[in-house]
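Have a look at the structure below, then the notes.
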Amino acid sequence: MEESAVRRCCLGWDFSTQQVKVVAVDSELNVYYEDSVHFDRDLPEFGTQGGVHVHKDRLTVTSPVLMWVQALDLILEKMKASGFDFSQVLALSGAGQQHGSVYWKAGASQALMSLSPALPLHQQLQACFSINDCPIWMDSSTTAQCRLLEAAVGGAQALSCLTGSRAYERFTGNQIAKVFQQNPEAYSDTERISLVSSFAASLFLGSYSPIDYSDGSGMNLLHIQEKVWSQACLAACAPHLEEKLGSPVPSCSVVGAISSYYIQRYGFAPGCKVVAFTGDNPASLAGMRLEEGDIAVSLGTSDTLFLWLQEPIPALEGHIFCNPVDSQHYMALLCFKNGSLMREKIRDDSASCSWSEFSKALRSTEMGNSGNLGFYFDVMEITPEIIGYHRFNAENVEVSAFPGDVEIRALIEGQFMAKRIHAEGLGYRVMPKTKILATGGASHNRDILQVLADVFGAPVYVIDTANSACVGSAYRAFHGLAGGTDVAFSEAMKLAPDPSLAATPSPGASQVYEALLPRYAELEQRILSQSGRALE
Ligand SMILES: Nc1ncnc2c1ncn2[C@@H]1O[C@H](COP(=O)(O)OP(=O)(O)O)[C@@H](O)[C@H]1O
Ligand SMILES: O=C(CO)[C@@H](O)[C@H](O)COP(=O)(O)O
């Protein structure tokens, strides 16, 4: 028999901002299949840009739920056309962009349970959603709801101690509160609210999947130590919320078997298990097999930085989530909204729309950029809350423009200095044995990774694919199959390939950035106080 015919595998899915991606990982933990559907390119009828609709107020940002459903139809058809053998899939798990919410209309569970294998999903689920355009993580329209939630539980720090974060506009509880206040009919016609992750899991289960602890930590609703919904937060957001959310579960739970729809339409085996889906950042932590002391930097649509934590230390900046692979532990996360789309914009303006020109500019300019520093925030940043472009020369004088190659280095150095400064604000210190694990689309670019190594003064490693959320989802599926909470994740992952070295700090980098980092931090404070947004 051919090797491929007996290649037992787990699938890992990622429903991220710009695309749906999948990988197949075999029992030796090698990735042997990857595919994706890109929303703007492959589903242009939804009219998204970067997978989203930015509304007129520039604050409201949504994505069509049926686009996600149709993307799943498309990618499964692509896999089938390529001869992918679904019968060998032992289990699957997945990830979703964090914080986004899906509103299932009364009666939808019946439609999910009685899917006809003769038709694609999107034709059968059209009438299943009480809200067609889902609020997603880029939305920043819920400031009023955030202030109300903080006030209801005794302030921002009290909310952070309870849920791991002060109130953030994109966090799901505040988004649900806005839906309830502005669209009460749709809210009362909703029988279930899913995160993007648990929504995707529900599509595979043919019934509602529970929310997992780790992605559930991005809602401002979960008591992260007790792992139950906080009654005070639920009550402050919307009525009857607990019944619409269902009970949260450990991230490594097997939540059921695949729906007969996939068995009949694609040839999945009836015993194929579904392990709870989680957030894309928690799934990346699993995919990179992050260990205590390491830092992960994800350079996707958003840039994120995350760490493994034993004990939660909730603060006014950043987030603490339940750890996706060890429910006794936690992870800290910082999110930067102006990530890849900002880099693309500067690439288009200053490097003729070409990543290789962009890289050339990074190589032809020197570390420290002759003292020129820049802040580039096309949309209101999360960490810190700044908008607009701010460029400073070596004398800290604000200037209106830089030459193209200086602009490119200022952008990349600035993005990484911000990450280091804000990680240090959370108490993180770069140590001699610190490893940076990089992932996401921009981690393909070695010149960007070189700047990352230089600014942090630490070596940068990558795994074989930049799709660490997919790989982590497939790993989590194996972990769930092996017994989940009863087995250490690291034990189940012993065969996984080690990350490879991509960049080491250049000689002299630490002197350059030790001088620049405090300047960058001071200028950031100056911009914040000029805009009246400095943290008290
Ligand atoms: N060579 C490259 N250099 C820099 N950025 C890149 C390169 N290739 C792809 N990217 C960026 O990767 C982004 C997509 O990253 P990805 O992690 O797949 O996003 P998401 O998971 O949020 O959909 C694109 O928006 C693009 O800007
Ligand atoms: O809001 C956050 C994390 O808190 C974002 O990181 C989203 O999870 C989107 O992820 P990408 O699509 O950029 O990977």
Side-chain angles (χ1 to χ4, degrees), residues 13-22 34 36-41 48-52 61 63 68 71 95-100 135-140 164-165 168-172 175 195-197 214-215 217-220 278-285 287 296-306 318-321 331-348 351 353-362 381-383 408 411-412 415 438-452 462 465-473:
W13 297 88
D14 182 14
F15 286 66
S16 66
T17 315
Q18 301 192 56
Q19 56 214 308
V20 170
K21 304 176 246 188
V22 65
E34 293 191 57
S36 64
V37 163
H38 190 266
F39 303 133
D40 297 359
R41 196 177 49 230
T48 56
Q49 273 192 336
V52 310
V61 185
S63 291
W68 295 331
Q97 52 169 297
Q98 299 198 254
H99 321 293
I136 65 144
W137 68 275
M138 287 168 146
D139 186 281
S140 46
S165 305
Y168 278 87
E169 278 75 358
R170 70 192 191 287
F171 274 43
T172 327
Q175 294 292 338
L195 292 177
V196 178
S197 56
S214 194
D215 209 15
S217 316
M219 301 174 77
N220 277 147
T278 190
D280 55 0
N281 294 296
S284 283
L285 177 142
V297 175
S298 171
L299 305 169
T301 309
S302 61
D303 284 353
T304 57
L305 180 147
F306 44 91
H319 317 297
I320 306 292
F321 296 156
M331 65 182 277
L333 180 130
L334 289 170
C335 182
F336 303 83
K337 203 190 270 183
N338 294 270
S340 281
L341 302 178
M342 190 65 246
R343 287 186 287 274
E344 282 176 25
K345 186 137 203 234
I346 299 291
R347 176 203 62 185
D348 295 351
C353 307
S354 147
W355 285 126
S356 70
E357 290 298 311
F358 190 95
S359 285
K360 219 189 269 170
L362 286 177
E381 186 45 74
I382 297 165
T383 325
I408 288 168
L411 166 72
I412 300 298
Q415 288 189 327
T439 186
S443 69
H444 287 296
N445 189 319
R446 293 293 158 127
D447 300 290
I448 292 181
L449 296 187
Q450 184 59 54
V451 181
L452 176 60
V462 290
T465 156
N467 289 339
S468 57
C470 286
V471 175
S473 298

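Just follow the structure's listing: the first ligand is 1, and inside any ligand the first atom is 1.
- Remark: of the listed residues Leu341, Asp139, Ile136, Ile136 is the sole one forming a side-chain contact (heavy atoms from CB on, under 4.5 Å) with Val52.
- Every side-chain contact (heavy atoms from CB on, under 4.5 Å) that His38 has, sequence neighbours left out, goes to Gln18, Gln19, Asp40, Arg41, Asp42.
- Not counting sequence neighbours, the partners of Tyr168 by the ring pair (Phe, Tyr, Trp, His ring centres under 6.0 Å) test are Phe171, His319.
- Side-chain contact annotation: Ser473 with Asp14, donor-acceptor N/O pair under 3.5 Å absent.
- The contact shell of ligand 2, taken as protein residues with any non-hydrogen atom closer than 4.0 angstrom, comprises Ser16, Thr17, Gln97, Gln98, His99, Trp137, Arg170, Asp280, Asn281, Thr301, Ser302, Thr304, Leu333, Cys335.
- Around CD of Gln49, the count of heavy atoms belonging to other residues, nucleotides or ligands within 6.0 Å does not exceed 12.
- Although no hydrogens or angles enter the test, the distance criterion places a donor-acceptor pair under 3.5 Å between the side chain of Ser354 and the main chain of Ser356.
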Find all protein N or O atoms under 3.5 angstrom from an N or O atom of ligand 1 and list the pairs with distances, or write 'none'.
unit_1   : atom_1 : unit_2 : atom_2 : d
ligand 1 : 3 (N)  : Asn445 : ND2    : 3.2
ligand 1 : 15 (O) : Gly441 : N      : 3.3
ligand 1 : 17 (O) : Gly441 : N      : 2.9
ligand 1 : 18 (O) : Gln19  : NE2    : 2.9
ligand 1 : 18 (O) : Lys21  : NZ     : 3.0
ligand 1 : 21 (O) : Ser16  : OG     : 3.1
ligand 1 : 21 (O) : Lys21  : NZ     : 2.8
ligand 1 : 22 (O) : Thr301 : N      : 3.1
ligand 1 : 22 (O) : Thr301 : OG1    : 2.5
ligand 1 : 23 (O) : Ser16  : OG     : 2.8
ligand 1 : 23 (O) : Gln18  : N      : 3.4
ligand 1 : 23 (O) : Gln19  : NE2    : 3.0
ligand 1 : 25 (O) : Gln18  : NE2    : 3.0
ligand 1 : 25 (O) : Glu344 : OE2    : 2.5
ligand 1 : 27 (O) : Glu344 : OE2    : 2.5

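- With 3.5 Å as the limit, one finds no donor-acceptor pair spanning the side chains of Asp280 and Ser16.
- Looking at Ser63 and Trp68, their side chains never bring a donor and an acceptor atom within 3.5 Å of each other.
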*Might you work through the side-chain contact (heavy atoms from CB on, under 4.5 Å) test for Val297 and Gln415, ending with a clear yes or no?*
CA-CA 11 Å; Val297 175; Gln415 288 189 327; over 6 Å; no

